[in-house]
Amino acid sequence: MHKRSMSREWLNLISPLEVVDRKVMKLYVIGLAATFLILWLTVKIQFVPKLGEVMRYFGILWSTQGLMYHLLTSIKLFVHAVFYATVFSCVMAYLTVIPAFNPVTGVLSSFRFLSMTGLVFFVQVKLTGGGYDLKFWIEWAAISAFLLTALYSIVQSVQQQMYDYAYTLRMSKWRAVWEVTIRGTRHQVLDAIRQNMAIGWMMLPGVEALARGEGGIGVMLINLDKFMVLPAILAIQLASFVGGIGMDYFMGLIRRLLCPYAVRAGRGKQR
Amino acid sequence: MNQAAFALGDVLLRSEHVSLAFGDYELDEHGFLKAAEKLVLNDVNLEIHDITRPGMITGQVVGLLGPSGIGKTCFARIIAGLDIPTTGQVLLHNGQPTKAGIVGFVFQNYPLFEDRTVIANLVLAGRQVGLSRAKARDKAMAYLERFKIAQCAKQWPRELSGGQRQRVSIIQQVLCSEYFIVFDEPFSGLDPLMREETIAVVKEIVNEDEKNTAIIITHDVSAAVCSSDRLLLVGRDFDPATHNPVPGARIKYTFDLVALGLAWRTDLYKDPKFLEFVGEIESMFHEL
Ligand SMILES: Nc1ncnc2c1ncn2[C@@H]1O[C@H](COP(=O)(O)OP(=O)(O)OP(=O)(O)O)[C@@H](O)[C@H]1O
Ligand SMILES: [Mg+2]
């Protein structure tokens, strides 16, 4: 009986819209990763360096080229830009509950269609700080444009009925904004920040290439690009990947902490 | 139980010449769109009296019946102070115009603050009328226990069943409103047993205070008859020449269920008079 239900679980794995047992899913993922690793270790594919080689370069870059320093430089710039982009986008999106701000935020969010290169010119002319400031503002603008769009749409999609509901509980309009627009959407807002962080992290090396003095993952990549040392490039990608995943995981923890009400129901529960 | 012994007291709520029109468009003689008005409510007048019976506390339950799209929800929202009518006004017992919060409103889909637990939702409502946190909590727990959902107190709203959610919504509005609560379609999607329970919940709440009054909007004629002491049928007039409805609904018929001997009874389902009356009202829907 137990055996039959287990085979059922494995069948669920390849059936659409099925819920799969946690244990089965875990086994499946471990198996998948193991297969992938074994293939990488043993089979030679053109242009794809072997895992051992990548790890060897990772060690070299870490100990002699300051990979950790560059990674931390990137993370620092990134967190700085994300923080200010988040504050700015939240303020501008929440402000759209006031009609006068609605068109302002609408126009600002449409700036995501501007070209980054054009923006760089503008920022360069305006800033004498160069270096860090240039990178910061470009990264800030890039993240803000998309984050603002996402948050704007979250705020605008709050149902009028939720505000009416707040009024039936004797809340003022400002209180309703706090309860419904700000408190009530925070899980969506955190999800949007998390998604846009991923986009921003992907754009970061390109931004770092604008001013190379301080280094960073992007600068390392550009410098190595000339030599076409594939395993080294992959090693840096690996560092960037781990850094990105780490920050995403951290955001996941924050979401669980701040939005216990929106934690997804356990897989077992749905049945 | 002496049904006849009752008296009409003060007017608790008065709707004076309430009309409501929405901006709309229509085709002019050349086939172009032009601005027009869509009249939904036309001069709705209503007085709800305090009904008193010697030796007992009797709240009021008014059933508002009418076909779909006629304007019941619109009227209810005006009563609850959520919308302002185009003309006319709704006054409360103290002569003050109605105001959201003073009159409670239980929405059809039972919204709650999803980021607060059930008990936190209820405490919030109690705090809104000046209760201390502890007092609000006690009151909320007492209601939860009375309606047999105390085990839900610590749950998130999304974990509630439809029926549990309805009760929590009702309790929340009870804690926050003064005497009036409007229910928009409280019987839709309920099985017969749940429907009876909901009627019982409404009656219990209404009979907590002499002035308590529930206004129930529904399509469900038998539930309306079971729960109410007064029935209002909302409908439009018909053009005698063309037999087309004239825009703008009003209260076309009023039934005093107390006088008909159909109010405040627990054995109503067994009474043939009840079934006959429900059939009569249902057939009247054709003329609304
Ligand atoms: N915001 C609005 N703008 C324009 N027309 C509206 C608006 N809200 C409601 N109406 C119209 O007013 C009329 C009455 O709507 P209402 O929701 O009050 O009907 P109802 O009697 O509650 O119907 P139901 O029983 O189906 O809920 C409908 O014809 C509807 O189209
Ligand atoms: Mg309605």
Side-chain angles (χ1 to χ4, degrees), chain A residues 19 90 93-94 97 99 151 153-194 251-271, chain B residues 73-74 76-84 98-131 136 154-160 165 168-178 180-184:
Chain A
V19 183
C90 282
Y94 294 144
V97 298
L151 299 191
S153 115
I154 289 171
V155 170
Q156 291 302 310
S157 62
V158 173
Q159 300 280 318
Q160 174 61 37
Q161 192 198 251
M162 278 313 285
Y163 296 115
D164 288 338
Y165 165 63
Y167 304 150
T168 67
L169 296 172
R170 305 192 184 208
M171 290 181 180
S172 67
K173 301 220 162 177
W174 283 114
R175 179 82 192 278
V177 167
W178 166 245
E179 293 290 342
V180 177
T181 321
I182 300 179
R183 272 193 67 140
T185 64
R186 66 184 188 271
H187 60 290
Q188 289 169 284
V189 167
L190 275 172
D191 282 343
I193 293 171
R194 205 168 155 187
M251 287 303 290
L253 288 183
I254 290 187
R255 188 187 189 273
R256 282 174 89 130
L257 197 73
L258 293 182
C259 316
Y261 61 93
V263 173
R264 281 168 202 91
R267 282 170 191 279
K269 254 190 186 170
Q270 289 178 15
R271 274 187 292 180
Chain B
T73 300
C74 288
R77 287 177 57 89
I78 291 170
I79 291 178
L82 292 172
D83 287 328
I84 296 166
T98 178
K99 195 167 168 238
I102 309 287
V103 176
F105 195 103
V106 178
F107 291 92
Q108 203 173 347
N109 50 349
Y110 315 119
L112 292 168
F113 290 117
E114 300 292 329
D115 61 334
R116 295 174 193 268
T117 58
V118 165
I119 188 72
N121 263 284
L122 299 180
V123 168
L124 172 90
R127 303 267 293 160
Q128 286 298 95
V129 286
L131 295 181
K154 296 233 170 72
Q155 287 181 348
W156 300 110
R158 71 176 167 86
E159 297 168 333
L160 299 175
R165 210 182 159 93
V168 176
S169 290
I170 294 175
I171 296 171
Q172 194 179 37
Q173 293 296 325
V174 169
L175 286 169
C176 193
S177 60
E178 199 177 52
F180 276 87
I181 299 189
V182 181
F183 297 80
D184 195 0

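The figures that follow rest on heavy atoms only: side chains count, while hydrogens, waters and symmetry mates do not. Below, chain A is the first sequence line, B the second, and so on; all start at residue 1.
For the ring pair (Phe, Tyr, Trp, His ring centres under 6.0 Å) test, no residue two or more places apart in sequence or in another chain qualifies with B/F183. In terms of the ring pair (Phe, Tyr, Trp, His ring centres under 6.0 Å) criterion, residue partners of B/F113 (sequence neighbours excluded) are, by chain and number, A/Y165.
Between the CZ atom in B/F107 and the CD atom in A/Q159 there is a gap of 11.5 Å [rounded to 0.5 Å].
Closest approach of A/L169 and B/Q128 over heavy atoms only: O-NE2, 2.9 Å. Contact between B/G101 and A/R170 at its shortest, heavy atoms only, is O-NE, 3.2 Å.
Neither the backbone nor the side chain of B/Q155 comes within contact range of chain A, judged by heavy atoms closer than 4.5 Å.
Residues of residues 76-83 of chain B lying under 4.5 angstrom from chain A, judged on non-hydrogen atoms, are B/R77, B/L82 by number. Residues of residues 177-186 of chain A having a heavy atom under 4.5 Å from any heavy atom of chain B, listed by number: A/E179, A/V180, A/R183, A/G184, A/R186.
For the pair A/Y261 and B/P157, the minimum side-chain heavy-atom distance is 4.5 Å or more.
Around the CD1 atom of B/I84, the shell of radius 6.0 Å holds no more than 12 heavy atoms that belong to other residues, nucleotides or ligands.
The residue among B/V129, B/T117, B/L112, B/L175 with the most heavy atom pairs within less than 4.5 Å of chain A is B/L112.
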